[in-house]
Each structure stands twice: as structure tokens, then as C-alpha cells.
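If you're wondering where the values come from, they're calculated on a predicted model, not measured in any experiment. Numbered from 1 within each chain, the chains take letters A, B, ... in sequence-line order.
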2 protein chains.
Amino acid sequence: MSSACYILGVSREKGAGRGRSYHQYCGVARALDVVGERWTLLIIRDLLLGPRRYKDLLEGLPGIGTNLLADRLRELETRGIIRRTVLPPPAGSTVYELTQLGEALGPAVFELGLWGARTLGLPKDDDQVPTAAVFVAMRVMFKPEKAAGINEAYELHVDGHVFEVRVEDGQVLTREGLAHAPAATFTLDGRTLLALLREGLDPKTALAARRVQGNADSLERFVSFFAKTPEVANTPT
Amino acid sequence: MSSACYILGVSREKGAGRGRSYHQYCGVARALDVVGERWTLLIIRDLLLGPRRYKDLLEGLPGIGTNLLADRLRELETRGIIRRTVLPPPAGSTVYELTQLGEALGPAVFELGLWGARTLGLPKDDDQVPTAAVFVAMRVMFKPEKAAGINEAYELHVDGHVFEVRVEDGQVLTREGLAHAPAATFTLDGRTLLALLREGLDPKTALAARRVQGNADSLERFVSFFAKTPEVANTPT
DNA sequence: CGGAATCCTCTTCGATACTG
DNA sequence: CAGTATCGAAGAGGATTCCG
């Protein structure tokens with residue numbers, strides 16, 4: 001809250017427009033006014049995979065603190081970036097999902113992810129490996145030329161969650177949930193998925209080590225759709 | 001700083017790796033660990049136009065506070081994103097500039113800017129209009145098809161600063177500084193530049209109103225290279 | 001004068017405890 | 001399950017001072 005607000009005598013404590021603003025007429029500054037606070041873009045990242053309950057978000061964002069998540073969700077809702085929905089019975093749970101404006105943040109999230117991936121290295125011991133993040137990353141690792149003419153869905157069971165990866169018209173769609181008519185189903189854990197996609201773990205080896213359950217040919221094909229993210233050395237200049 | 005640090009008894013007060021981390025193995029989270037703090041991406045934005053002195057940055061980021069800027073610059077330098085350089089005599093001033101790793105943040109900054117521009121509307125009364133931000137925005141507003149076969153530089157004098165806009169091979173380069181062999185030179189203020197680029201102010205009108213000094217044909221051509229950013233309604237869904 | 005370090009106040013964060 | 005309440009710790013912002 002800038003000093004200008006005090007000068008105008010506006011307290012604005014509970015109204016719209018909470019949080020600090022840069023007060024710059026600039027797209028970047030405006031974007032950061034809205035989604036630049038801590039945790040916000042990670043919430044968006046998780047919602048890019050589809051609607052999620054409060055608890056799912058808490059689990060995917062260890063350390064956020066429940067009050068902060070509530071704050072962020074409230075703010076994002078008033079900004080028109082997410083929407084609160086109650087699922088139809090029998091589920092009946094309330095979920096949060098991106099609006100069209102929220103979906104439009106996808107490219108910015110992907111570019112940040114691409115940049116961050118350069119310096120990722122290997123997972124540190126105290127690093128969480130959020131499964132949702134891996135499925136978001138798959139959207140930018142996808143190589144359309146490797147999937148030419150292929151229209152298939154895959155269902156992945158990872159650490160107790162189910163994800164759909166749908167390859168269609170040279171595009172890939174990833175979301176959390178059961179796949180529609182999957183061509184193959186794989187069961188594996190997050191580290192193994194990461195090893196297959198990033199570290200070049202050979203699918204056959206992974207299957208032989210029982211780190212994956214599923215069809216060998218399908219798995220090999222599936223893995224081939226995605227680029228191993230090149231490790232760019234962090235050389236100053 | 002997460003609780004894990006306390007558990008490990010690590011205070012880490014002055015060492016490397018300052019600031020909070022999300023401790024997630026994810027490109028987005030990693031990027032935000034490094035450039036997600038307040039002001040950081042706006043510093044990067046300004047540096048995208050070329051090397052700048054401490055004081056220039058302070059001016060372009062009203063409200064940052066001198067200690068915070070120093071903190072951010074130090075952090076960015078240790079992370080290999082910017083570099084401190086001393087200009088050769090007679091200038092002799094120390095400047096900050098992006099490393100290759102820092103330049104690679106460009107696409108992420110542009111995407112954030114594009115998203116933020118949707119909800120920019122018109123400048124509010126207490127909005128600063130940072131000239132540097134306009135020249136950064138020009139990079140994403142540029143329409144290569146309108147500049148086919150054109151190789152020219154323009155020099156713009158805006159509010160006491162000089163910028164070069166170089167159109168070359170269907171690309172545009174914007175930076176602060178004198179232009180090399182400019183095809184035309186324009187003198188105008190920031191609001192007018194914004195009006196020409198965003199609000200569709202007619203170049204002839206602007207010239208007639210003496211809001212711009214320069215050659216009419218050149219100005220008309222110059223303006224035609226850039227798309228008026230479409231105002232996207234902020235409709236939830 | 002440019003480039004910071006220091007001090008002080010205020011806000012935000014993060015963890016836990018608690019409630020509908 | 002979906003949040004609110006609370007409180008100590010860290011971060012932000014402004015003014016001032018220091019240094020070369």
C-alpha cells in the first residue's frame with residue numbers, strides 16, 4: 001500500500017485492490033501487482049492441470065501456510081483469475097479453477113519454467129518433487145514433430161494421483177484425472193517419471209527394475225515425445 | 001527460510017543462498033526462488049535495454065528504496081544474472097548489465113508483460129509511466145510483417161533520455177543510447193509515445209499539435225511497425 | 001555526487017492452534 | 001475438509017548517514 005493511499009485518506013483495508021502495487025503503467029509491473037506475490041504463480045501452476053480442492057493445493061505447496069493460501073485464493077478470485085466452483089453431486093466438493101484470464105497466464109508460467117529449468121541440476125535432498133510440476137513441464141518439453149499423426153491418451157498413476165496425457169494434433173494436453181480411453185496406463189513414482197523424462201533413464205531398464213508397470217512399447221513411445229531438458233551451464237556470460 | 005533450516009541448526013544469515021526458497025524441484029519454483037522477490041523482475045526489465053547505473057535504476061523504480069536495490073543487485077550478481085562493470089574512461093562509472101543468463105529472462109518478462117497489458121486500461125493518475133517500460137513493450141508489439149525488407153534505426157528523445165530503435169531483418173532492437181546512423185529522430189514525451197503506440201493517436205495530429213518533433217512520413221512508418229495492444233476485457237470466463 | 005550501509009517502523013510471511 | 005485466528009520472525013520502505 002503506497003503512501004499515496006494514506007495521503008488520500010483511503011484505508012482500503014478490506015476492499016478490493018489489496019496488496020502493494022508498483023504504480024507503474026507497464027504490463028510487467030501490472031502482472032506482478034496481481035500475481036507477483038509469494039506463492040501466487042505456483043498456485044496458478046498447479047491449477048493449470050485442472051480444478052483442485054483447497055487441500056490438494058495445500059499438499060502441492062508445502063510450506064505455504066493455510067492462511068496465506070486462503071488469502072491468495074481470495075485475491076485471485078476477486079481479480080477474476082480463478083473461480084470457486086462446487087462440483088455436482090455426489091462429489092459436492094468445492095474446487096478452484098482458472099478462468100480464461102487465468103489460463104492466459106500459461107505462457108508466462110512456461111517461460112519462467114524454461115528459464116528456471118536451466119539451473120535445476122539434480123534434485124537436492126530437501127527438494128520436494130511436486131508431481132503436478134512435472135506434468136506442467138511436460139507441456140514445454142513436448143516435441144510435436146515426434147508425435148506427428150498420433151492421437152492417443154495415456155494414463156499415469158504417480159504417487160497415488162492419476163494424470164491424463166493426451167497427444168492430439170501435434171499438441172499435448174496434461175491434466176489431473178482419469179484418461180478417456182487411454183492407449184496405455186503406467187504406474188510409477190515421481191522420481192522415476194523425472195528420471196525417464198530428464199535424466200534419460202532407459203524405459204526398458206526402468207521396467208526391468210520394476211520402477212514402472214506398463215507396456216514396454218507404449219512407454220518407449222510415450223517417453224520419446226518429450227525432450228530431455230538440456231542442462232545449460234550457469235556460466236556468467 | 002523454511003523450518004528445515006532451523007531443524008538443521010543452519011542460520012545462514014550472511015552466506016550465499018539468501019532469501020526464501022520454495023524447495024521444489026520445478027523450473028517455475030526455481031525461477032521464482034531467484035527472481036521472484038519484489039522488484040527483481042522490474043530490475044531485469046530495465047536492464048533489458050542495456051547497462052544502467054545504480055542511480056538510473058533508482059529513478060526507474062520509484063519506491064524501491066536504496067537498500068533494497070543494493071540487496072537485489074548483490075543477489076543477482078552472485079547468481080550470475082547480472083554483472084558489475086566499470087565503463088572505460090572518461091565515463092568511468094560503474095554500471096550493471098545482464099549476463100547471458102540474465103538476457104535469457106527476456107521471454108518470461110515479455111510474456112508477463114503481455115498478460116499484464118490485457119488489464120492495463122489507461123494510465124491512472126498515480127501511475128508512473130516508465131519510459132524504459134515502453135521501449136521494452138515495443139519488442140512484443142513489433143509486427144515483423146510490417147517491417148519486411150526494412151533496415152533502419154530511429155532515435156527517440158523522450159523526457160530527457162535517448163533511445164535507439166533498430167529495425168533489422170524482421171526484428172526490432174530497442175536500447176537506451178544514441179542511435180547509429182538513424183533514419184529519423186523524434187522528440188516527444190512519454191505520454192505522447194504511449195498515445196501513439198497504444199491509443200492510436202494519429203501521427204499527423206500529434207505533429208500538428210507539436211507533441212512530436214520529427215519527420216511526418218518517418219513517424220507514420222515508425223508507428224506502423226507496432227501493434228496497438230488489443231484491450232482484452234477482464235471478463236471472468 | 002554516485003553508491004551504498006544503518007536504523008527504525010510497518011507489513012507480510014509462516015507455523016500452529018483452533019472453529020464451522 | 002475448508003478455512004479463521006494468532007503471534008513471533010523476516011522482509012519492505014523511508015530517512016538519514018557514511019564513504020570514496
Side-chain angles (χ1 to χ4, degrees), chain A residues 1-7 11-14 17-24 32-33 36-43 51-77 82 84-87 90-96 128, chain B residues 1-7 10-15 17-24 32-33 36-43 51-77 82 84-87 89-96:
Chain A
M1 201 153 314
S2 93
S3 58
C5 304
Y6 290 119
I7 290 168
S11 111
R12 227 175 26 162
E13 266 311 303
K14 284 293 177 192
R18 304 248 337 285
R20 287 181 219 274
S21 165
Y22 292 107
H23 294 295
Q24 290 197 354
L32 293 173
D33 281 348
E37 285 177 305
R38 196 162 159 73
W39 295 109
T40 304
L41 278 175
L42 293 186
I43 295 172
R52 304 183 94 77
R53 290 171 304 170
Y54 191 87
K55 197 191 179 205
D56 300 328
L57 290 168
L58 265 186
E59 276 173 14
L61 303 167
I64 190 178
T66 169
N67 57 343
L68 212 41
L69 177 57
D71 279 357
R72 295 290 184 266
L73 291 173
R74 209 182 351 256
E75 177 80 6
L76 287 171
E77 193 183 358
I82 67 173
R84 249 171 134 259
T85 312
V86 179
L87 292 183
S93 45
T94 55
V95 292
Y96 297 88
Q128 313 274 343
Chain B
M1 202 155 311
S2 92
S3 60
C5 305
Y6 290 118
I7 292 169
V10 179
S11 108
R12 223 172 32 162
E13 266 310 302
K14 284 293 176 193
R18 306 243 339 283
R20 293 179 215 272
S21 166
Y22 292 108
H23 294 294
Q24 290 198 354
L32 294 174
D33 281 348
E37 284 176 305
R38 193 161 162 74
W39 295 107
T40 304
L41 277 175
L42 293 186
I43 296 171
R52 303 184 95 77
R53 290 171 306 169
Y54 189 87
K55 197 190 177 204
D56 301 328
L57 291 168
L58 264 186
E59 276 173 14
L61 303 168
I64 191 179
T66 168
N67 55 344
L68 212 39
L69 177 56
D71 279 357
R72 295 290 184 268
L73 290 173
R74 201 173 317 117
E75 178 79 7
L76 287 171
E77 193 183 358
I82 66 173
R84 252 171 133 260
T85 312
V86 179
L87 292 184
S93 44
T94 57
V95 292
Y96 298 88

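Nucleotide C:dG14 holds its P atom 11 Å from the NE2 atom of B:His23, rounded to whole Å. Across the protein-nucleic acid pair, A:Leu69 atom CG and C:dT12 atom P stand 18 Å apart, rounded to whole Å. As a whole-Å value, the separation of A:Ile64 CD1 from C:dC13 P is 10 Å. Atom pair A:Leu76:CG and D:dG3:P shows a separation of 13 Å (rounding to whole Å applied). The distance from atom CZ of B:Arg38 to atom P of C:dT11 is 14 Å, rounded to the nearest whole Å. The nearest whole Å value for the distance from the OH atom in A:Tyr54 to the P atom in D:dG3 is 6 Å. As a whole-Å value, the separation of B:Trp39 CH2 from C:dT12 C1' is 16 Å. Rounded to an integer number of Å, the gap from B:Leu58 CG to D:dG13 P is 13 Å.
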Worked check of side chain to side chain contact (heavy atoms under 4.5 Å, CB included) between A:Gln128 and B:Tyr22 | CA-CA 9 Å; A:Gln128 313 274 343; B:Tyr22 292 108; over 6 Å; no
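Taking 4.0 angstrom as the limit, A:Tyr96 places a side-chain polar atom (N or O) nearer than this to OP1 or OP2 of D:dG3. Not one side-chain nitrogen or oxygen of A:Arg74 sits closer than 4.0 Å to the OP1 or OP2 atom of D:dA2. Residue B:Arg20 has no polar side-chain atom (N or O) positioned under 4.0 Å from OP1 or OP2 of D:dA12. The phosphate of D:dA2 has neither OP1 nor OP2 within less than 4.0 Å of any side-chain N or O from A:Lys55. Residue B:Arg72 places no side-chain N or O under 4.0 Å from the OP1 or OP2 atom of D:dG11.
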Heavy atoms under 4.0 Å is the rule here; annotate nucleotides 15-20 of chain D 5' to 3' with B where the base is hit, S where only the sugar-phosphate is, and - elsewhere.
-> BB----
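Where A:Asp56 and B:Gly65 meet DNA chain D, the nucleotide closest to each residue was compared, and A:Asp56 sits on the side nearer the 5' end.
Closest to the side chain of B:Thr94, from the set D:dG13, D:dA2, C:dG3, is C:dG3. Of the listed nucleotides (C:dG2, D:dT4, D:dA2), D:dT4 has the atom at the smallest distance from the side chain of A:Ala70.
B:Arg72 contributes a side-chain N or O that, together with a main-chain N or O of B:Arg38, makes up a donor-acceptor pair within less than 3.5 Å.
From B:Ile82, atom CD1 reaches atom CZ of B:Arg52 across 13.0 Å, with rounding to the nearest 0.5 Å. The distance from atom CG of A:Leu42 to atom CD of B:Gln24, rounded to the nearest 0.5 Å, is 5.5 Å.
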Pairs under 3.5 Å (Watson-Crick or G-U), crossing ones as [ ], inter-strand ones as |: DNA chain C comes out as |||||||||||||||||||.
Taking distance alone, no hydrogens or angles, what donor-acceptor pairs closer than 3.5 Å link side-chain atoms of residues 55-70 of chain B to residues at least two apart or in another chain?
{"residue": "B:Asp56", "atom": "OD1", "partner": "B:Arg53", "partner atom": "NH2", "Å": "3.1"}
{"residue": "B:Asp56", "atom": "OD2", "partner": "B:Arg53", "partner atom": "N", "Å": "3.1"}
{"residue": "B:Asp56", "atom": "OD2", "partner": "B:Arg53", "partner atom": "NE", "Å": "3.2"}
{"residue": "B:Thr66", "atom": "OG1", "partner": "B:Tyr54", "partner atom": "OH", "Å": "2.7"}

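The nearest pair of heavy atoms linking B:Val95 to B:Pro51 is CG2-CB, 3.9 Å. Across every non-hydrogen atom of A:Asp33 and A:His23, the tightest pair is OD2-N, 4.4 Å.
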